[in-house]
*Asks:* 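Right, I'll just put the structure down here and ask away after.
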Amino acid sequence: SQGKNGSLTVDGLYFHDTGWHGISSAAGNAKITLKNVSCENIVQAGLYLRCNADLENVDIKDCGTAGIYIGNGSKVNAKKLNIENAKARGIWNFGGTVNATNVSIKNSGEFGITSTFYDGLRGSVTVNNLKLSGVSKDNAVSANNSTIVINKGTIENANVNAALAMAGGS
């Protein structure tokens, strides 16, 4: 349901074969809450978030760009997140803040997780209990003038580096 205050709350949804993003938000004060959501065969990003979001038990498969794109200073909290076969990135953060627990990313094309400084916003990603495997083109985890913190996890089968910090990233 979509409320008058620019919110979207979903509990229990499966969707597939969308022509652009799976679920998308405009920048601003909107709020998205997703629980027990699965999607697959998405042309672009499974979730394109430019607003604050709470995610729980979300399963994203077969996306043309990213499993989840976060931008515009958005704050995203996630529990039990599974991303498979994202052609570019599992989690792609442009100046947002991501806190996630129990994250599995499999077979992402370019990067598993990236966090990048964007438009004056220094991005950050914190993941507790990460399982990341099968990055076919580049680094599993990449921080570019931003911060990524991994508390417990495994990274395997990355084509280049398991982790890379660039231009002031940590």
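For reference, positions follow the sequence shown, starting with 1.
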*Asks:* Quick check: does any side chain N or O of Ser124 sit under 3.5 Å from a backbone N or O of Thr97, one acting as donor and the other as acceptor?
*Replies:* no
*Asks:* Between Thr65 and Arg89, is there a side-chain heavy-atom distance shorter than 4.5 Å?
*Replies:* no
*Asks:* If we ignore hydrogens and angles and just use 3.5 Å, is the side chain of Thr101 paired with the main-chain N or O of Lys79 as donor and acceptor?
*Replies:* no
*Asks:* Among Val127, Ile91, Ile155, exactly one meets side-chain contact (heavy atoms from CB on, under 4.5 Å) together with Ile105. Which residue is that?
*Replies:* Ile91
*Asks:* From the options Leu81, Thr126, Ile70, Leu49, select the one residue that forms a side-chain contact (heavy atoms from CB on, under 4.5 Å) with Val98.
*Replies:* Ile70
*Asks:* When rounded to the nearest 0.5 angstrom, what distance separates NZ in Lys152 from CG in Leu130?
*Replies:* 12.0 Å
*Asks:* Partners of Asp59 by salt bridge (charged side-chain N to carboxylate O under 4.0 Å, His left out), sequence neighbours excluded?
*Replies:* Lys61
*Asks:* Any ion pair linking Asp54 and Lys35 (charged N to carboxylate O, less than 4.0 Å)?
*Replies:* no
*Asks:* Among Asn82, Asn129, Asn57, whose side-chain hydrogen bond (donor to acceptor under 3.5 Å, both in side chains) with Asn102 holds?
*Replies:* Asn129
*Asks:* What's the shortest heavy-atom distance between Gly64 and Lys87, and which atoms?
*Replies:* O-CB, 3.2 Å
*Asks:* Enter the distance from Ser108:OG to Glu84:CD here, rounded to the nearest 0.5 Å.
*Replies:* 11.0 Å
*Asks:* If you apply the rule side chain to side chain contact (heavy atoms under 4.5 Å, CB included), what do you find for Val10 with Leu34, and how did you get there?
*Replies:* CA-CA 5 Å; Val10 176; Leu34 303 177; 3.8 Å; yes
*Asks:* Taking all non-hydrogen atoms of both residues, which atom of Ser74 and which atom of Gly71 are closest, and how far apart?
*Replies:* OG-O, 2.6 Å
*Asks:* Quick check: is Leu121 connected to Ile148 through a chain of hydrophobic side chains (ILVMFWY, heavy atoms under 4.5 Å apart)?
*Replies:* no
*Asks:* Can you tell me how far the NE2 atom of His16 sits from the OG atom of Ser38, to the nearest 0.5 Å?
*Replies:* 11.5 Å
*Asks:* About how many Å separate CD1 of Ile32 and CG of Leu8, when rounded to the nearest 0.5 Å?
*Replies:* 5.5 Å
*Asks:* Can a donor-acceptor pair be found, under 3.5 Å and without considering hydrogens, that links the side chain of Asp138 to the backbone of Phe111?
*Replies:* no
*Asks:* Return each pair, listed once, that meets ring pair (Phe, Tyr, Trp, His ring centres under 6.0 Å) where at least one residue sits in residues 128-162; pairs must be two or more places apart or across chains.
*Replies:* none
*Asks:* Does Phe117 belong to the same Ile/Leu/Val/Met/Phe/Trp/Tyr cluster as Val76, with side-chain heavy atoms less than 4.5 Å apart forming each link?
*Replies:* no
*Asks:* Just to verify, what does Ser133 make a side chain to side chain contact (heavy atoms under 4.5 Å, CB included) with, not counting sequence neighbours?
*Replies:* Lys106, Glu156
*Asks:* Any donor and acceptor pair, going by atom type alone, linking the side chain of Arg50 with main-chain N or O of Ser25 inside 3.5 Å?
*Replies:* yes
*Asks:* Can you give me the closest heavy-atom contact between Asn52 and Lys75, atom names plus distance?
*Replies:* OD1-N, 2.8 Å
*Asks:* Looking at Val125, Ile83, Val103, which one forms a side-chain contact (heavy atoms from CB on, under 4.5 Å) with Ile113?
*Replies:* Val125
*Asks:* Applying ring-ring contact (aromatic ring centres under 6.0 Å, His included), name anything that partners Phe94, two or more places apart in sequence or on another chain.
*Replies:* Tyr69, Trp92, Tyr118
*Asks:* Are Val58 and Leu13 grouped together when hydrophobic residues (ILVMFWY) are joined by side-chain heavy atoms under 4.5 angstrom apart?
*Replies:* yes
*Asks:* Where do Cys51 and Ala30 come nearest, in terms of heavy atoms and distance?
*Replies:* CB-O, 3.2 Å
*Asks:* Run the side-chain donor-acceptor check on residues 39-48: report pairs under 3.5 Å with partners two or more places apart or on a different chain.
*Replies:*
from	atom 1	to	atom 2	distance (Å)
Glu40	OE2	Tyr14	OH	2.4

*Asks:* Applying side chain to side chain donor-acceptor pair (under 3.5 Å), can you list everything that pairs with Ser115, at least two apart in sequence or on another chain?
*Replies:* Asn93, Ser146
